[in-house]
Amino acid sequence: PVGAAACTGCAAGAAGGFQRAGLWAAPVCRSIKGCSYRMFRLSRKGTCRIMTWRALFGSIAGQLSKAGCEDPAFDARCLLEDVGGVPRGRLEAYFGREVPETSAVAVRRAADERAAGRPLQYILGSWDFLDMTLSVGEGVLIPRPDTELLCETAAVWLKRLPAEDH
């Protein structure tokens, strides 16, 4: 638990809560009605703001960048879409919306795994390959773009052969 000093801008700081990786989860401010806990992002002044998808995306991309991920923005987008529940290709449309607490927690856990070096495909549990979506996990080779190119090249080569040769 973090004391009241963590948030000076709302009743949530006085009521108690917890802080992790720049997020503040606390009982809802008196001015907000709804569920008993909400995810907030602490501003530089120490006041709470409701966590938006834009803020969560920036936070996750920053975390993955610091961890040395090759394409942190791509990985963050995949995590928000697949783990957070944002419809694929619609993240920007959600940027101004509040992140549900369950989504924020799930995405943070997945981002921690990715930052620790676990392959994105294993975290997501599936990956697109050619025109299929394959289930992947520990002990399964991860479909890669260079393998797609190899398969496409082989398919073109096989089509050129006479039918009796294959």
Checklist entry - Would Phe95 and Leu80 show up in the same hydrophobic cluster when neighbours are defined by side-chain heavy atoms closer than 4.5 Å? => result yes
Item to check | Contact summary for Tyr122 and Gly137, nearest pair of heavy atoms | outcome: CE2-O, 3.0 Å
Next on the checklist: Quick check for you: to the nearest 0.5 Å, what is the distance between Glu70 atom CD and Asp75 atom CG?
Outcome noted: 8.5 Å
Would you mind writing out the side-chain donor-acceptor pairs for residues 86-94 within the sub-3.5 Å range, not counting sequence neighbours?
{"from": "Arg88", "atom 1": "NH1", "to": "Asp128", "atom 2": "OD2", "distance (Å)": "3.2"}
{"from": "Glu92", "atom 1": "OE2", "to": "Arg77", "atom 2": "NH2", "distance (Å)": "2.4"}

Item to check | Pairwise salt bridge (charged side-chain N to carboxylate O under 4.0 Å, His left out) hits with a residue in residues 129-141, at least two apart | outcome: Arg118-Glu138
Checklist outcome for this item: Besides Val156, the hydrophobic cluster formed by Ile, Leu, Val, Met, Phe, Trp and Tyr side chains linked at under 4.5 Å, directly or via other members, contains none
Checklist entry - For Phe129 and Pro143, which heavy atoms make the closest approach, and how far apart are they? => result CD1-CB, 3.5 Å
Checklist entry - Taking all non-hydrogen atoms of both residues, which atom of Ala61 and which atom of Ala76 are closest, and how far apart? => result N-CB, 3.9 Å
Checklist entry - Is Leu161 close to Trp157 at the side-chain level, that is, under 4.5 Å between some pair of heavy atoms? => result yes
Item to check | Nearest heavy-atom neighbours spanning Pro119 and Ile142 | outcome: CB-CD1, 3.5 Å
Checklist outcome for this item: Contacts of Ala110 meeting side chain to side chain contact (heavy atoms under 4.5 Å, CB included) (sequence neighbours excluded), chain-then-number -> Leu79, Val83, Ile123
Checklist entry - Hydrophobic clusters join Ile, Leu, Val, Met, Phe, Trp and Tyr when side-chain heavy atoms are under 4.5 Å apart, directly or via other members; which others share one with Leu141? => result none
Item to check | Partner set under side chain to side chain contact (heavy atoms under 4.5 Å, CB included) for Pro72, not counting sequence neighbours | outcome: Leu64, Ser65
Checklist entry - Shared ILVMFWY cluster between Val140 and Trp127, side chains joined below 4.5 angstrom? => result no
Checklist entry - Out of curiosity, Gln63 CD to Arg114 CZ, how far, rounded to the nearest 0.5 Å? => result 11.0 Å
Checklist entry - What residues form a side-chain hydrogen bond (donor to acceptor under 3.5 Å, both in side chains) with Gln121, not counting sequence neighbours? => result none
Checklist entry - Are side-chain heavy atoms of Trp53 and Val99 found at a separation under 4.5 Å? => result yes
Next on the checklist: I need the Thr52 OG1 to Glu98 CD distance, nearest 0.5 Å.
Outcome noted: 9.5 Å
Only pairs under 3.5 Å count here: list side-chain donor-acceptor contacts from residues 145-152, not counting sequence neighbours, and write none if there are none.
{"from": "Glu148", "atom 1": "OE2", "to": "Leu130", "atom 2": "N", "distance (Å)": "2.6"}

Next on the checklist: To check you understand the geometry: which heavy-atom pair defines the closest contact between Val136 and Ser126, and what is its length?
Outcome noted: CG2-N, 3.8 Å
